[in-house]
Protein chains: 2
Amino acid sequence: MGLPAYRIFTMNIPPKQLPMDRPPLDEPGFERDLARLAKALGHPARVRIVRFLLARDACMCGDIVEHLPLAQSTVSQHLKALKDSGLVQGTIAGPRVCYCVDRKVLERFRDLVGRLQPCLEADPDCRGLLDQQEEP
Amino acid sequence: MGLPAYRIFTMNIPPKQLPMDRPPLDEPGFERDLARLAKALGHPARVRIVRFLLARDACMCGDIVEHLPLAQSTVSQHLKALKDSGLVQGTIAGPRVCYCVDRKVLERFRDLVGRLQPCLEADPDCRGLLDQQEEP
DNA sequence: GGATCCTATCGTAGTTCTACGATGAGTGCA
DNA sequence: TGCACTCATCGTAGAACTACGATAGGATCC
């Protein structure tokens with residue numbers, strides 16, 4: 001019964017519905033949120049769109065289409081992916097839609113990435129540990 | 001001849017081979033690198049693997065398999081994706097392979113995300129700009 | 001009301017992702 | 001040499017991604 005075990009990693013299902021056959025890590029939403037935001041930025045076109053929006057603070061869909069070598073429908077699809085992730089907001093302004101980056105979400109993404117590396121300066125890398133295993 | 005226009009965003013082709021029919025942004029590799037690293041972290045299982053590796057500094061594949069509800073082959077596939085992105089390094093240590101996170105790459109990822117938001121504190125959000133377009 | 005502009009959505013085709021089991025390659029030990 | 005262990009790779013099936021053109025919906029303008 002229930003979902004297969006690998007569904008533990010499905011991003012679209014709330015954590016409480018997931019059959020956690022192993023104890024979750026400290027923050028159950030951490031991995032899902034980070035993965036969701038990272039996935040949204042996991043395409044060069046979407047990175048460019050976000051940069052474009054940040055540079056202009058806000059602009060409409062047509063502006064983005066003009067500056068990308070992609071069809072209008074494809075750009076709209078990328079914008080939908082960005083909106084679904086929360087990174088981008090779209091506000092209807094008359095016949096057009098004004099898009100802008102939700103800087104709080106972007107900051108949260110930055111924060112999540114930062115929390116990934118808790119002790120960057122502590123051990124420079126794992127070389128020493130590897131040498132211990134290889135040489136004796 | 002040549003590649004279709006949307007191939008401008010293909011991540012696996014060096015920039016010089018790309019038919020840039022529009023001028024590139026300031027840093028040609030920026031978007032590709034950020035997208036590549038973000039894509040690597042765009043799956044909850046890979047985020048967990050990276051966290052797991054960071055918590056232990058380094059460990060072998062079997063340890064990861066034990067702590068994930070995934071088959072060994074699937075974990076190996078995720079590790080390959082992480083290795084291809086550069087985030088993770090694998091070192092052969094006898095019959096096993098010792099994996100660790102390349103903290104320099106992780107830091108570069110964090111830097112790329114940080115450079116995405118050049119002036120976070122400047123304009124809090126784009127609401128003002130939206131109001132300008134909506135109301136007058 | 002009708003024309004126009006902007007954007008979202010539909011339908012579709014090809015590619016990529018993601019999961020699994022099975023198998024193979026490599027190392028170390030008896 | 002043979003066995004055990006570890007991990008990568010192969011083959012495959014289903015889902016998701018990504019591109020496009022075509023079309024529909026909503027707002028504005030004449």
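In what follows, chains carry the letters A, B, and so on, assigned in the order in which the sequence lines appear, proteins first and then strands, with residues in each chain numbered from 1.
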_With a 4.0 Å limit, can you tell me whether A:Lys39 has a side-chain N or O closer than that to the phosphate oxygens OP1/OP2 of D:dC17?_
yes
_Shortest non-hydrogen separation from B:Cys61 to B:Val75 and the atoms involved_ =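 Of all heavy-atom pairs spanning B:Cys61 and B:Val75, the closest is SG-CG1, 4.5 Å.
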*side chain to side chain donor-acceptor pair (under 3.5 Å) partners of A:Asp111, counting only residues at least two apart*: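 Residues passing side chain to side chain donor-acceptor pair (under 3.5 Å) with A:Asp111: A:Arg115.
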*State which residues pass side chain to side chain contact (heavy atoms under 4.5 Å, CB included) with A:Ser85; sequence neighbours excluded, sorted by chain then number.*
A:Leu37, A:Ala40, A:Leu87
*asked:* Could you work out, with side chain to side chain contact (heavy atoms under 4.5 Å, CB included) as the rule, every residue matching B:Ser73, not counting sequence neighbours?
replied: B:Ala71
Whole angstrom value for the distance that separates [atom2] of [N] from [atom1] of [X]:
X: A:Leu41; N: D:dT18; atom1: CG; atom2: P; answer: 12 Å
X: B:Arg96; N: C:dC29; atom1: CZ; atom2: P; answer: 10 Å
X: A:His43; N: D:dT18; atom1: NE2; atom2: P; answer: 5 Å
X: A:Leu70; N: D:dT18; atom1: CG; atom2: P; answer: 11 Å
X: A:Ile49; N: C:dT7; atom1: CD1; atom2: P; answer: 13 Å
X: B:Glu66; N: D:dC7; atom1: CD; atom2: P; answer: 10 Å

Pull out every protein N or O sitting under 3.5 Å from an N or O of nucleotides 21-28 of chain C, one pair per line with the distance.
unit_1, atom_1, unit_2, atom_2, d
C:dG21, N7, B:Ser73, OG, 3.3
C:dG21, O6, B:Ser73, OG, 3.2

State which residues pass salt bridge (charged side-chain N to carboxylate O under 4.0 Å, His left out) with [X]; sequence neighbours excluded, sorted by chain then number.
X: A:Asp84; value: A:Lys80
X: A:Lys83; value: none
X: A:Asp33; value: A:Arg108

*Contacts to DNA chain D from residues 76-85 of chain A, heavy-atom cutoff under 4.0 Å, which residues?*
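Under 4.0 Å from DNA chain D: A:Gln77, A:His78.
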*Between A:Phe52 and A:His67, what is the ring plane arrangement, given parallel below 30°, perpendicular above 60°, and tilted in between?*
tilted
